[in-house]
Amino acid sequence: MAHAFLVKDIAFQAGLSTATVDRVLNGRPGVRQQTEMRVRAAIAELEKQQTGAMSSGRTLAIDIVMETPQRFSDAVRAAFEAETATFFPRVFRCRFHFAEVMKPAELVQLLDRIRLRGTHGIVLKAPDVGEVVAAVARADAAGIPVLTLVTDLPNSARIAYAGADNRAAGETAAHLIGECLGRGGGKVLVTLSSGRFRGEEEREIGFRRVIRAHYPGIGVTEISEGHGSDAATGTLATAALAADSAINAAYSIGGGNRAVLAAFEAAGRPVRVFVAHDLDADNRALLTARRIGFVLHHDLRTDARSAFRTIMSREPSGRRMIGALLSAVEIITPYNIPAGD
């Protein structure tokens with residue numbers, strides 16, 4: 001397999017050991033096809049980054065670490081890659097580390113490995129648990145700025161949060177659903193990918209507050225720990241609908257929207273109103289088909305730009321920049337879907 005990179009760089013990009021990468025590169029037996037594909041993808045990513053780095057400006061390597069469904073990580077990757085072109089002559093080389101589900105120990109191991117290898121900054125979407133907070137503290141102590149993306153770690157040593165105001169987004173969802181259901185009321189199925197994420201918790205808190213204050217005739221049923229996957233989320237949604245015949249609306253905080261819709265259809269239950277988050281490929285298609293009514297969207301390129309600028313602010317002065325870098329929440333309907341990139 002032809003390449004122009006060090007084995008350790010390919011291994012780091014692919015998230016594999018150097019021994020495994022060496023076996024792949026030299027065509028040795030005992031390598032799974034999936035592993036070979038990961039190595040090929042890592043080499044392609046390094047080639048793309050090398051092409052973008054052909055500039056006289058300084059190159060800053062940053063690591064983007066996310067536990068999230070692929071539909072969202074694809075959107076984040078596209079946003080960061082698009083924004084890198086706007087920062088010449090300074091060049092950002094992005095190394096992506098995505099997984100749909102990671103145990104806290106695996107996430108901490110990855111963050112520590114990045115810290116020990118070296119980086120100019122970490123952009124992190126991770127659960128708000130003690131082990132992760134401690135890993136962020138170690139990175140900060142090593143002089144590595146950590147910025148949280150989409151979901152915050154407010155009690156950590158992160159230097160900033162970039163993303164939407166999640167509590168306000170939840171309040172907006174409650175207003176949309178409350179106004180649509182009106183006096184008839186009903187019950188809303190609220191889906192979270194996991195209760196470990198602060199951003200999802202903030203959305204739910206905002207949603208429940210507005211429902212309780214302004215729409216007391218509307219009930220709420222929550223499902224969680226589907227991790228945004230269609231299979232697990234669909235199973236949870238099916239069980240919730242079977243247990244409660246009053247459910248007639250959905251607020252999807254954590255994804256798996258096709259599966260939630262399929263559960264309503266299997267139960268023979270119409271969905272009066274469906275509010276989702278993020279204009280990824282799935283939600284764009286569902287909106288176009290009018291299977292969901294509203295998507296609460298914020299511009300990931302704005303978040304990427306905030307991340308780059310925040311990391312640059314630590315170079316070379318080490319100036320600390322603490323706070324929230326909020327991107328506006330837009331209400332997208334089937335009638336105002338922005339053109340795709």
Side-chain angles (χ1 to χ4, degrees), residues 68-69 72 125 127-129 148 150-155 161 163-228 232-257 259-261 263-264 267 269-278 283 292-298 324 326-333:
T68 192
F72 187 66
K125 178 186 180 294
D128 189 6
V129 296
T148 52
V150 181
T151 183
D152 199 10
L153 303 174
N155 299 314
Y161 161 75
D165 182 332
N166 285 306
R167 192 165 298 209
E171 293 169 343
T172 301
H175 174 76
L176 292 171
I177 290 176
E179 292 299 304
C180 287
L181 293 182
R183 294 182 180 179
K187 185 167 281 189
V188 184
L189 180 66
V190 175
T191 72
L192 288 81
S193 70
S194 174
R196 300 175 304 148
F197 289 98
R198 178 62 67 100
E200 294 194 7
E201 180 184 59
E202 291 288 329
R203 290 174 183 177
E204 185 193 16
I205 289 171
F207 182 81
R208 287 183 180 272
R209 188 195 72 77
V210 171
I211 290 293
R212 186 170 55 249
H214 300 288
Y215 308 100
I218 298 175
V220 176
T221 293
E222 174 195 319
I223 59 173
S224 185
E225 307 313 312
H227 302 289
T233 304
T235 299
L236 293 169
T238 297
L241 290 168
D244 193 339
S245 61
I247 297 173
N248 61 350
Y251 173 35
S252 172
I253 294 175
N257 299 334
V260 174
L261 287 167
F264 272 92
R269 194 89 57 85
V271 188
R272 290 280 305 280
V273 57
F274 195 120
V275 178
H277 278 274
D278 305 313
N283 284 339
I292 59 178
F294 304 97
V295 169
L296 301 179
H297 175 65
H298 70 280
L326 300 180
S327 46
V329 175
E330 302 175 73
I331 301 173
I332 307 298
T333 75

**Report entry** 4.5 Å side-chain heavy-atom contact, Y215 and L181
**Finding:** no
Query raised in the report: Is there side-chain contact between S194 and H227, with heavy atoms separated by less than 4.5 Å?
Result: yes
Query raised in the report: What closest approach, in Å, do I177 and A249 show between heavy atoms, and which atom pair accounts for it?
Result: CG2-CB, 4.4 Å
Query raised in the report: Quick one: OG1 on T148 to CG on L153, what's the gap to the nearest 0.5 Å?
Result: 5.5 Å
Query raised in the report: Between Y161 and L326, is any pair of side-chain heavy atoms under 4.5 Å apart?
Result: yes
Query raised in the report: Does E200 reach the main-chain N or O of S193 with its side chain, forming a donor-acceptor pair under 3.5 Å?
Result: yes
Query raised in the report: For residues Y251 and E204, is any side-chain donor paired with an opposing acceptor at under 3.5 Å?
Result: no
Query - T221 side chain to L189 backbone, donor-acceptor under 3.5 Å - result: no
**Report entry** Closest non-hydrogen atom pair between I218 and I211, with its separation
**Finding:** O-CG2, 3.5 Å
Report summary line: When rounded to the nearest 0.5 Å, the distance separating NE2 of H298 from CG of D165 is 11.0 Å
Report task. Determine the minimum heavy-atom distance between I332 and H297, stating which atoms define it. Result -> CG1-CB, 3.8 Å
Query raised in the report: Would a distance-only check, ignoring hydrogens and angles, find a side-chain to backbone donor-acceptor pair under 3.5 Å from N248 to K187?
Result: yes
Report task. Start with the C-alpha distance between F207 and V275, add both sets of side-chain angles, then the distance that settles side-chain contact (heavy atoms from CB on, under 4.5 Å), and finish with yes or no. Result -> CA-CA 11 Å; F207 182 81; V275 178; over 6 Å; no
Query - Closest non-hydrogen atom pair, A263 against G234 - result: CB-O, 4.3 Å
Query raised in the report: Could you state the interatomic distance from CD (E201) to CG (D152), rounded to the nearest 0.5 Å?
Result: 11.5 Å
**Report entry** Point-to-point distance, once rounded to the nearest 0.5 Å, from CZ of F72 to NE2 of H277
**Finding:** 11.0 Å
Query raised in the report: Where do G226 and T233 come nearest, in terms of heavy atoms and distance?
Result: O-OG1, 3.6 Å
Query raised in the report: Is there a donor-acceptor pair closer than 3.5 Å between any side-chain N or O of S252 and the backbone N or O of N257?
Result: no
Requested in this report: Considering non-hydrogen atoms only, spot the tightest contact between A250 and V260 and give its length.
Outcome: CB-CG1, 4.4 Å
Query raised in the report: Atom CZ of F274 and atom CG of N283: how far apart are they, to the nearest 0.5 Å?
Result: 7.5 Å
**Report entry** Heavy-atom donor-acceptor pair, R269 side chain to L241 backbone, under 3.5 Å
**Finding:** yes
**Report entry** Test item: I223 and L192 side chains (from C-beta on) under 4.5 Å apart, heavy atoms
**Finding:** no
Query raised in the report: What distance separates E171 CD from L176 CG, expressed to the nearest 0.5 Å?
Result: 12.0 Å
Requested in this report: Would you check if R198 and N155 make a side-chain contact, meaning some heavy-atom pair closer than 4.5 Å?
Outcome: yes
Query raised in the report: Does any non-hydrogen side-chain atom of V273 lie less than 4.5 Å from one of F294?
Result: yes
**Report entry** Pairwise side-chain contact, I292 with L261, heavy-atom cut-off 4.5 Å (strictly under)
**Finding:** yes
